[in-house]
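Comments concern the structure below.
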Amino acid sequence: MLDKAFDPAAMEARLYAASEAAGVFSADPARPAAPFAIVIPPPNVTGSLHIGHALNNTLQDVLVRWRRMQGRDALWMPGTDHAGIATQMVVERLLASEGQERRAMGREAFLRRVWAWKAESGGTITRQLRRLGASLDWPRERFTMDEGLSRAVVEVFVTLHKQGLIYRDRRLVNWDPKLLTAISDLEVESREVKGTLWTLRYPIEGEPGRFIRVATTRPETMLGDTAVAVHPEDARFADLIGRHALLPLVGRRIPIIADAYSDPEKGTGAVKITPAHDFNDFEVGRRHGLPMPTVLDPEARIRLDEIEGELADIPGVAEAGFVRSLAGQERFAARKAILEKLEALDLLEKAEPHTHQVPHGDRGGVPLEPRLTWQWYCDAATLAKPAIEAVETGRTVFVPKQWENTFFAWMRDIQPWCISRQLWWGHQIPAWYGPDGHIFVERTEEEAKAAARARYGHDVALRRDEDVLDTWFSSALWPFSTLGWPERTPELAKYYPTDVLVTGFDIIFFWVARMMMMGLHFMGEVPFRHVVIHGLVRDEKGAKMSKSKGNVMDPLELIDAYGADAVRFTLCALASPGRDIKLSRQRMEGYRAFATKLWNAARFCEMNGIRPQPGWDPASARSALARWILDASNAAIAEAETALEAFRFDDCASALYRFVWNGFCDWFLEFAKPVLQGPDGPEKVEVQGAAQHVLGVILRLLHPIMPFVTEELWVRLGYGEEAGLPRAPWPAPAPVQEAEVARAELEAVIRLISEVRAVRAEMNVPPSLVTPLLVQGAAPEVLACWARWMEAIRRLARASELRVLEGAPPAGVAQAVLGEATVMLPLAGLVDLAAERARLSRERDKAADEARKIERKLGNAEFLAKAREEVVEETRERLAAISAEIARLEAALARIAD
RNA sequence: GGGCGCUUAGCUCAGCGGUAGAGCGCCUGUCUUACACACAGGAUGUCGGCGGUUCGAACCCGUCAGCGCCCA
């Protein structure tokens, strides 16, 4: 016997372990079944499961479990990402706590340490995914830094380099002065900062006392100014174009140039140009062939080596000694010193409060410095073209389609992708430098040496590039590198392209776009057919969850409290496309109640001799009740399937919720009770047969969303072996004879019971009081139908009998109008006649309102002429029905008039 | 500044051309032997404002307002 309530904590770990051990989550390329493949968005190896992962992986698991049950050879590829910066930071912090430092220990020792950390702590998130119930194919688990994937990375790098799509370039990059590495445009987060706009005066050469005023938010970079730009059509400065200003403090002669970049409306109309420290200035510098001295070192401290020779002393303008004193100063300290000096020289005109956007590193969180450095770049624009085309032609479809615009906007204006990082943890770039600086990009050191020998005629010492690749470079290969590429494995042949990618919109650029580019370039085919984009999980007030706000909901804690099934069901039910999810504990309580409801329905079945009957044939069902529930379960199957095909997890969840709770429990089991508790016989056998069949359908339909409670019941009730449900066949619709007739029959009974219940409740009739039902005006077939269901009506409507009223009704009746029939409940002494009159009048008025609306519609000649015929017909029928009802209500009122 | 999305019952959200829906909450009643994480019943909406298209608009188009996100 099942316990009174189910206890998820007691069963989840056991059930998962059994399935995993039985290998039911494993794909098999040798199986003839059609594939269904999803690759997991690899979580950071440093990560632990947060609510966003819970959503993302629940949705994937629902799809995978569903397709697996449909008989597909389903592969859900697990793995983690080495997460360059994040992991390096974690291990560096660990070292710091031990009083150690990365540089002091050296690269090799540090990397050994990271691997040791990974071996010890890297499995956290994969353990947590198991608690969620994620049916990943664990034996295939991969890591972006493992041997095979690293080989794929080298292969891709070398190939793209030989194709000219990866190259070295010296240009401005976003430099993180805290992490001391270049980062890509995408890792830049612009933050609004309340700062100051300073107006500086640069003296005009040869005209003492005349100045050009420039506005800047970054006075500390002025040491690297090599021009002042004004708009070519700005009359105020026309006579200055072509002349020179004297750069304060430094004494450098800098030209006043005309460039449309300078906006006459902004600031003073003149801007200082610092090509090595500002992206816009860099472009101006390029256009005008300006020198580009760097005046900040990697840690954003002042450095003077590139301008040392230019330092001069000009009274009232430049002071070489002062500038030298800035060397090594941190950028914000230098800013302060420079402003003070300018003020002292009367070259600082004003300072105004100014709010502006300042680029920050998304990892380090400090303001970035544009820095002129050599880095490796990937020609994303070239790779993007086929990816754009693939989405345009529908080879890959975004769901919701809306997101394709976001994808296009990014891809059509894509910039060169800076792929080198000045870190140690990651894939080291396979490039070696010869003594003359020539670069050899090869798969191995041996090949690089051979290439060098071929070039120089003898062996030379090669120096390997120290940098590693952007983490997203290896992630971009994930859909094929995990399948064994560059080997031509059976897995690659069978599962690529994968079917679906499920992810959040925040990584469309980082990851989806890059997988599209690399997949198309190296596999010649898109990496996935559908990209399902889900929303962000927020707290119940709609605020983003964050540690600092303290509103984080920990999925593991939620699983402990409500069970994994309830967490999963909640996430599915709330996953409306294109919307963020506002998650609340209250919602989760509601869906835990649903799991309990299912458990108790199964318990009821068990108590009433409802056991699995594998050979039971639904087509043999004769009774209306059996046919009705079988037909309803067919509808539920269709609804669930349609929803999942469209990635409508919310629709799937609500359709199943309704069917199980309202259809199966509230009506079917209630109707079944009189039969089940009555004498043995064919009727009971048939109801038991239908019940076991439909319960089996329910357990399978719910399994993708609620794998644990369904599997526990599946096994406990005897539907199958342990670990059997994940591979049980997805339910097929059962053939049902004359389903229409059964539907009409049950609808008539439900209607009667509902109406009688409503009347009783409104009249405050105590449930303990049973009454006869007196019927007037019912069609003979309806009467017959009700008679057949008398036992159920007796229980559910608390009726003692149902009989046709001959002659006048007794005094003190409450009445329910159902179409042509009127049902009366004799309640002499109990019924408050005034209340009953009020209730019936209210109903009458509502019906009359509705009738008026319909009449107006039918009175409109244009409606009759232009509306579709079925619509007109339907409207007429509605009017007829409602008119009849009004007449019955009037009659009922007349019967109890005072 | 550009782009996208949202605005429907107290709350969270479905519905996206032909009779306004669900869950929760609220109110009333009930230990009716599967389930009080339950059962039965009830109340609650000029579907953000305005204008247009249409026989007919929550739904399509325009416009305004408020909110949110992304990119400059």
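- Across all strands shown, U7(B) is found opposite A65(B) as a Watson-Crick or G-U wobble partner, with both distances under 3.5 Å.
- Ion pairing between a basic and an acidic side chain is recognised when a charged N comes within 4.0 Å of a carboxylate O; Arg842(A) and Asp845(A) show no such pairing.
- Side-chain N/O atoms of Gln815(A) and Arg839(A) include no donor and acceptor closer than 3.5 Å.
- In this structure G56(B) sits in no base pair that meets the Watson-Crick or G-U test at under 3.5 Å.
- Between Trp661(A) and the phosphate of A34(B), there is no side-chain N or O to OP1/OP2 separation shorter than 4.0 Å.
- Note on Ala867(A): a base of the nucleic acid sits closer than 4.0 angstrom, heavy atoms only.
- If you check G15(B), C37(B), G41(B) against the side chain of Arg648(A), the one that comes closest is G15(B).
- Across all strands shown, A34(B) forms no Watson-Crick or G-U wobble pair with both distances under 3.5 Å.
- At a cut-off of 3.5 Å, with distance as the only test, no side-chain donor of Thr642(A) or Glu639(A) sits close to an acceptor on the other residue.
- Among the heavy atoms of the strands, none lies under 4.0 Å from Glu589(A).
- Base-pair partner of G1(B): C71(B) (Watson-Crick or G-U wobble, both distances under 3.5 Å).
- If you find the closest nucleotide of RNA chain B to Lys866(A) and to Val871(A), the one lying nearer the 5' end belongs to Val871(A).
- Across all strands shown, C27(B) pairs with G41(B); the Watson-Crick or G-U wobble distances both stay below 3.5 Å.
- Nucleic acid contact class of Arg592(A) (heavy atoms, under 4.0 Å, all strands): base.
- Spacing between A36(B) and C31(B) at atom C1', rounded to whole Å, works out to 8 Å.
- One finds a side-chain N or O of Arg579(A) lying less than 4.0 angstrom from the OP1 or OP2 phosphate oxygen of U7(B).
- If you check distances only, the side chain of Glu762(A) never reaches the base of A40(B) with a donor-acceptor pair under 3.5 Å.
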Please set out all donor-acceptor pairs under 3.5 angstrom arising from side-chain atoms of residues 593-600 of chain A, sequence neighbours excluded.
unit_1: Thr596(A); atom_1: OG1; unit_2: Arg592(A); atom_2: O; d: 3.1
unit_1: Trp599(A); atom_1: NE1; unit_2: Asp3(A); atom_2: O; d: 2.9
unit_1: Asn600(A); atom_1: ND2; unit_2: Thr596(A); atom_2: O; d: 3.0

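- Which of C55(B), C37(B), U12(B) sits closest to the side chain of Thr596(A) comes down to C37(B).
- Remark: C16(B) base-pairs with no nucleotide; criterion is Watson-Crick or G-U wobble with both hydrogen-bond distances under 3.5 Å.
- Candidate nucleotides U28(B), A34(B), G18(B) were compared by shortest atom distance to the side chain of Phe604(A), and A34(B) ranks first.
- Using a 4.0 Å cut-off, some side-chain N or O of Ser576(A) falls inside it from OP1 or OP2 of A14(B).
- Taking atom P in both C6(B) and C26(B), the straight-line distance is 31 Å, to the nearest Å.
- If you check every strand for non-hydrogen atoms under 4.0 Å, Asn608(A) touches nothing.
- The phosphate of U12(B) has neither OP1 nor OP2 within less than 4.0 Å of any side-chain N or O from Gln586(A).
- Using a 4.0 Å cut-off, no side-chain N or O of Arg585(A) falls inside it from OP1 or OP2 of U12(B).
- In this structure, Arg587(A) does not reach the C11(B) phosphate: none of its side-chain N or O atoms is under 4.0 Å from OP1 or OP2.
- Remark: Lys673(A) is positioned above the aromatic ring of Phe604(A), its terminal NZ or CZ atom under 6.0 angstrom from the ring centre and at most 45 degrees off the axis.
- With both ends at atom P, the span from C39(B) to A34(B) equals 13 Å, rounded to whole Å.
- Contact annotation: Lys857(A) does not reach the phosphate of U19(B) (side-chain N/O to OP1 or OP2, under 4.0 Å).
- In summary, Arg568(A) and Glu12(A) do not engage in a salt bridge, as defined by a charged side-chain N under 4.0 Å from a carboxylate O.
- Among the atoms of the strands shown, base atoms are found under 4.0 Å from some heavy atom of Cys665(A).
- OP1 or OP2 of A34(B) has not a single side-chain nitrogen or oxygen of Lys597(A) nearer than 4.0 Å.
- Residue Trp403(A) is tested with Trp410(A), Phe505(A), Phe408(A) for a ring pair (Phe, Tyr, Trp, His ring centres under 6.0 Å); the sole match is Phe505(A).
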